[in-house]
Protein chains: 2
Amino acid sequence: MNVSTWNVAGEDMCPHRLVLEHVTSRWGVLVLLALEERSYRFSELRRHIGRVSEKMLAQTLQTLERDGLVHRDAKPVIPPRVDYSLTALGREAAAQVRALSAWTDRRMGDVQKAREAYDQKARQAYDEARS
Amino acid sequence: MNVSTWNVAGEDMCPHRLVLEHVTSRWGVLVLLALEERSYRFSELRRHIGRVSEKMLAQTLQTLERDGLVHRDAKPVIPPRVDYSLTALGREAAAQVRALSAWTDRRMGDVQKAREAYDQKARQAYDEARS
DNA sequence: CGGGATCCTCACAGATACTG
DNA sequence: CAGTATCTGTGAGGATCCCG
């Protein structure tokens with residue numbers, strides 16, 4: 001079964017930090033943002049996100065489903081067809097994530113400038129120490 | 001030097017995802033929320049957060065400083081004294097993180113219920129398959 | 001006191017192969 | 001097609017020692 005791969009790691013964390021980790025995890029963010037536009041099938045979602053292994057996508061979807069953010073609709077047909085969409089709770093989560101994502105997007109320029117200044121100063125201090 | 005421990009991992013990601021990872025990282029969130037209330041000294045912050053190694057705290061602070069979110073004020077005295085606080089940019093980031101954190105806090109009950117329902121169904125399916 | 005340098009380790013990402 | 005099972009490496013994270 002091993003439903004709770006992710007939970008084992010955080011057994012000593014407060015529970016609401018765990019949800020936050022799921023939601024902001026590498027693939028969690030992308031899944032939420034993708035499903036916010038529309039629902040997706042598994043492989044379709046995989047292609048849309050790109051460079052995600054089947055395993056990680058399945059794992060991410062299961063975790064988000066377990067947390068009640070994603071709805072999984074498996075049709076008993078051959079070949080199998082499974083549609084993923086957001087629940088009401090999931091849409092709330094996606095909105096939060098999008099806000100955060102939009103902020104980083106807006107402020108990216110400032111961050112980049114800060115980084116250059118930081119690296120510049122670090123290099124100066126390094127050269128100074130070598131003389 | 002090795003300034004960019006975290007960046008190596010994400011060399012193939014779009015840059016604004018990197019900032020997001022820093023901000024929402026395990027210790028990044030806690031640091032931002034702590035520094036939003038007031039400024040802290042290193043060890044003081046370490047005690048306040050709890051269960052964070054010196055290495056991880058230092059690394060987190062450096063990354064956030066490099067991104068221009070945290071201000072580091074090192075006083076040249078003996079014994080050394082270093083104060084950490086948020087920049088204007090950092091306060092914006094902290095506000096976003098707090099919104100997300102507050103959301104997970106509010107909806108924690110719903111998530112927990114969803115989890116129990118999910119585990120319940122999983123157990124049923126498992127027992128059914130064994131009969 | 002505030003870190004830097006080193007070593008260790010285990011948990012997680014990814015690749016591969018198989019199944020209903 | 002939509003997964004699961006299994007194996008393996010690798011790098012984030014922790015412990016320890018050291019120094020200004």
Side-chain angles (χ1 to χ4, degrees), chain A residues 1-13 18 21-22 25-28 30-31 39-66 70 72-84 122 125-126 129, chain B residues 1-13 18 21-22 24-31 39-66 70-84 122 125-126 128-129:
Chain A
M1 295 203 79
N2 189 23
V3 160
S4 49
T5 319
W6 278 3
N7 303 352
V8 188
E11 52 203 353
D12 58 340
M13 272 193 261
L18 266 176
E21 300 248 309
H22 297 170
S25 72
R26 177 145 191 213
W27 307 119
L30 300 180
V31 165
S39 84
Y40 277 91
R41 296 184 58 184
F42 186 85
S43 298
E44 201 184 8
L45 186 56
R46 186 156 136 70
R47 278 191 301 275
H48 181 258
I49 290 181
R51 269 185 282 200
V52 56
S53 65
E54 292 182 9
K55 181 188 165 189
M56 290 317 297
L57 183 56
Q59 204 171 98
T60 304
L61 284 168
Q62 279 173 28
T63 307
L64 294 180
E65 188 197 355
R66 191 170 109 96
V70 160
R72 181 175 183 274
D73 184 16
K75 273 125 183 164
V77 296
I78 305 222
R81 178 188 175 96
V82 183
D83 287 286
Y84 290 95
Y126 179 73
Chain B
M1 294 198 84
N2 188 21
V3 159
S4 50
T5 318
W6 278 1
N7 302 355
V8 188
E11 53 203 354
D12 58 339
M13 274 193 261
L18 267 177
E21 299 247 309
H22 297 170
T24 65
S25 73
R26 178 146 191 209
W27 306 119
V29 177
L30 299 180
V31 165
S39 84
Y40 278 91
R41 298 185 56 182
F42 186 86
S43 300
E44 202 185 7
L45 186 55
R46 185 156 137 71
R47 277 191 301 276
H48 180 258
I49 290 181
R51 270 186 281 197
V52 57
S53 65
E54 291 181 9
K55 180 189 167 188
M56 289 318 297
L57 184 56
Q59 203 170 101
T60 303
L61 285 168
Q62 279 172 26
T63 306
L64 295 179
E65 188 198 356
R66 190 170 110 96
V70 160
H71 174 66
R72 180 173 183 276
D73 184 16
K75 273 124 184 163
V77 298
I78 306 236
R81 177 188 176 99
V82 182
D83 287 286
Y84 289 95
Y126 179 73
E128 217 162 272

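Reminder, nothing fancy here: chain letters follow the sequence lines and each chain counts from 1.
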Closest to the A:Ala58 side chain: D:dG14, D:dT6, D:dG3?
-> D:dG3

Atom CD1 of B:Ile78 and atom P of C:dG2 are separated, to the nearest Å, by 13 Å

Taking all non-hydrogen atoms of both residues, which atom of B:Asp83 and which atom of B:Arg81 are closest, and how far apart?
-> OD2-NE, 3.2 Å

Decide yes or no for A:Thr63 and A:Val70: does some side-chain heavy atom of the first lie under 4.5 Å from some side-chain heavy atom of the second?
-> no

Rounded to whole angstroms, how far apart are CE on B:Met56 and C1' on D:dT16?
-> 16 Å

Whole-Å distance separating the CZ atom of A:Arg47 from the C1' atom of D:dC1 = 11 Å

Within a strict 4.5 Å, meaning less than it, do heavy atoms of the B:Val52 and B:Val31 side chains meet?
-> no

Among the nucleotides D:dG20, D:dA2, D:dG14, which one has an atom lying closest to any side-chain atom of B:Ser53?
-> D:dG14

Give the rounded distance in Å between these two atoms: CZ of A:Arg46 and P of D:dT4.
-> 14 Å

Hey, mind stepping through A:Leu30 and A:His48 against side-chain contact (heavy atoms from CB on, under 4.5 Å) and telling me if it holds?
-> CA-CA 10 Å; A:Leu30 300 180; A:His48 181 258; over 6 Å; no

Considering all heavy atoms, the nearest A:Phe42-A:Leu57 contact | O-CD2, 3.8 Å

Give the nucleotide from the list C:dG3, C:dA13, D:dG14 with an atom nearest to the side chain of B:Glu54.
-> C:dG3

Interatomic distance where CG belongs to A:Asp73 and C1' belongs to D:dG3 [whole Å] = 16 Å

Is the distance from OP1 or OP2 of D:dT4 to the nearest side-chain N or O of A:Gln62 less than 4.0 Å?
-> yes

Report the distance from atom CG of A:Leu30 to atom P of C:dA13, rounded to the nearest whole Å.
-> 13 Å

Identify which nucleotide among D:dA2, D:dG3, D:dT6 has an atom closest to any side-chain atom of A:Arg72, counting heavy atoms from C-beta outward.
-> D:dG3

Residue that, paired with B:Tyr84, satisfies side chain to side chain donor-acceptor pair (under 3.5 Å) out of B:Glu65, B:Glu44, B:Arg72 | B:Arg72

Between the two end axes of the helix from C:dC1-D:dG20 to C:dG20-D:dC1, each built from 5 base pairs, what angle do you get to the nearest 10°?
-> 50°

Distance below 4.0 Å between B:Arg81 side-chain N/O and C:dG2 OP1 or OP2 = no

Short side-chain N/O contact from A:Gln59 to OP1 or OP2 of C:dA13, under 4.0 Å = yes

Separation of atom CD1 in A:Ile49 from atom P in D:dA2, rounded to whole Å | 14 Å

Does A:Arg41 make a side-chain N or O approach to OP1 or OP2 of D:dA2 shorter than 4.0 Å?
-> yes

Output yes when at least one side-chain N/O atom of B:Tyr40 is less than 4.0 Å from OP1 or OP2 of C:dG2, else no.
-> no

B:Lys55 has a side chain; which of D:dG3, D:dG14, C:dA13 sits nearest to it?
-> D:dG14

Would you mind reading off the distance between B:Tyr84 atom OH and C:dC1 atom P, rounded to a whole angstrom?
-> 15 Å

Residues B:Trp27 and B:Arg51: closest non-hydrogen pair is CH2-O, 3.4 Å

Could you pull out the closest heavy-atom pair between A:Arg26 and B:Glu21, with the gap in Å?
-> CA-OE2, 3.8 Å

Taking for A:Pro80 and for A:Trp27 the nucleotide of DNA chain C with the nearest heavy atom, the one nearer the 5' end belongs to A:Trp27

